[in-house]
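Here the structure is laid out as structure tokens; the discussion comes afterwards.
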Amino acid sequence: MSIFYHEQLYRTSQVMAQLRDYPVTVCGAGALGANITENLARSGFGKLKVIDCDRIEERNLSTQPYYRSDIGAHKAKILAHSLYQAVGVKLEAKVKELTTANTKQLLTNSTLVIDTFDNSVARQAVKDYCDSSQTPCLHVGLAEDYSEIIWTENYRVPSPVNDDVCDYPLARNLVLMTTAVATEVIIEFINTTKKLDFTFTLRDLSIKPIDRS
């Protein structure tokens, strides 16, 4: 029986075949990036790459799929190892800081880019590359009890004012709900080419589509 047996019953074998062969690059392996990457792998995606230069800290453990024994190791490498162990997906891990100088090197051959970086400089570099190369890019971000999942055509990079603030409020349920919505948006795009934008607010459990018409 396939690891993805239940998913295939829901998605159909045709959609699962699309997901298996669709190259996706996730920028960031933190609260959003790591959980989205894990969700994609466990949903049947087979060609995944993650870019992140950070190491695991104790404060990451409540919102990210890492363990105490992983503290000090690179997030991208641990994520690649754990997903291969779990579902046999060979995740390509790039332990590098993405900058304007290396976006072409790191993002070339990406059919879809998912931006989950936690700083505006890296987000701007991703957006600029995807805009110029016409690579589809989904930006996923959060702040306190609010998150947004927005395609690059409608995305505005936030101000860098709070980029270096580490002591910010973050609920695990906000991360998980955002991960679930983002994963469905990704699958819908691959299946139908529709680009859906959403916001989510944890406090009132409100998921709202952004109407761009």
Side-chain angles (χ1 to χ4, degrees), residues 24-43 48 50-79 82-83 93 95-99 113-127 137-152 154-187 196-211:
V24 177
T25 297
V26 181
C27 297
L32 288 173
N35 283 292
I36 288 173
T37 302
E38 180 179 39
N39 226 28
L40 294 175
R42 291 180 182 272
S43 297
L48 296 171
V50 66
I51 303 167
D52 195 295
C53 65
D54 289 345
R55 294 179 182 269
I56 298 162
E57 302 176 49
E58 186 175 27
R59 64 190 177 92
N60 301 144
L61 302 183
S62 67
T63 57
Q64 302 174 30
Y66 305 117
Y67 297 87
R68 283 187 176 274
S69 58
D70 299 327
I71 291 175
H74 284 106
K75 293 180 179 181
K77 287 187 175 181
I78 293 298
L79 195 58
S82 63
L83 291 178
V95 183
K96 292 186 177 182
E97 180 182 5
L98 187 145
T99 67
V113 174
I114 312 301
D115 165 32
T116 70
F117 280 136
D118 60 1
N119 70 89
S120 298
V121 173
R123 283 187 178 270
Q124 188 69 61
V126 173
K127 179 172 172 57
C137 179
L138 183 68
H139 300 269
V140 188
L142 44 77
E144 297 192 8
D145 70 338
Y146 169 86
S147 66
E148 59 185 22
I149 300 99
I150 299 179
W151 290 96
T152 200
N154 302 311
Y155 180 70
R156 178 177 294 180
V157 177
S159 165
V161 172
N162 295 318
D163 273 0
D164 295 323
V165 177
C166 292
D167 298 326
Y168 51 84
L170 178 60
R172 178 175 175 81
N173 282 341
L174 177 65
V175 174
L176 296 181
M177 288 292 290
T178 305
T179 296
V181 175
T183 302
E184 280 302 308
V185 168
I186 293 165
I187 293 173
L196 303 175
D197 297 328
F198 288 95
T199 62
F200 171 69
T201 310
L202 182 63
R203 191 156 298 170
D204 58 8
L205 292 174
S206 175
I207 301 174
K208 296 180 179 179
I210 301 174
D211 186 3

Nearest heavy atoms of Lys75 and Arg55, plus distance in Å:
CE-O, 3.7 Å
Value for CG (Leu61) from CG (Asp70), rounded to nearest 0.5 Å, stands at 8.0 Å
Quick one: does Asn60's side chain have a donor or acceptor within less than 3.5 Å of a partner on Glu57's backbone?
yes
If I compare all heavy atoms of Ile150 with all of Phe198, which pair ends up nearest, and what's the gap?
CG1-O, 4.5 Å
Closest approach of Trp151 and Asp197, non-hydrogen atoms and distance?
N-OD1, 2.9 Å
Kindly determine whether Lys77 and Val95 satisfy side chain to side chain contact (heavy atoms under 4.5 Å, CB included), including the steps that lead there.
CA-CA 7 Å; Lys77 287 187 175 181; Val95 183; 3.8 Å; yes
Mark yes or no for whether Ser120, through its side chain, and Pro158, through its backbone, hold a donor-acceptor pair below 3.5 Å.
yes
Rounded to the nearest 0.5 angstrom, the OG1-CG distance for Thr179 and Asn173 is 11.0 Å
The reported gap from CD in Glu38 to CD in Gln64 (rounded to nearest 0.5 angstrom) is 11.5 Å
If we count only N and O atoms by modelled type, under 3.5 Å, do the side chains of Tyr146 and Glu144 hold a donor and an acceptor together?
no
Minimal non-hydrogen separation, Lys96 against Ile51, with atom names
O-CG2, 3.7 Å
Check: Ile210 and Asn154 side chains under 4.5 Å, non-hydrogen atoms:
no
Please evaluate residues Leu142 and Phe200 with respect to the criterion side chain to side chain contact (heavy atoms under 4.5 Å, CB included), reporting the C-alpha separation (whole Å), side-chain torsions for both, the decisive distance (0.1 Å), and the verdict.
CA-CA 9 Å; Leu142 44 77; Phe200 171 69; over 6 Å; no
Supply the atom-to-atom distance Asp145 CG to Ser206 OG, rounded to the nearest 0.5 angstrom.
10.5 Å
Is there side-chain contact between Cys27 and Val113, with at least one heavy-atom pair below 4.5 Å?
yes
Apply side chain to side chain contact (heavy atoms under 4.5 Å, CB included) to Asn39 and Asn35, showing your working.
CA-CA 6 Å; Asn39 226 28; Asn35 283 292; over 6 Å; no
What pair of heavy atoms forms the shortest contact from Leu32 to Val140, and how long is it?
CD1-O, 3.5 Å
Of the non-hydrogen atoms in Ser43 and Thr183, which two are nearest, and what is the gap between them?
OG-CG2, 4.2 Å
Separation between CE of Met177 and OG1 of Thr201, rounded to the nearest 0.5 Å
10.5 Å
Roughly how far, to the nearest 0.5 Å, is the CD1 atom of Ile207 from the CD1 atom of Ile149?
8.0 Å
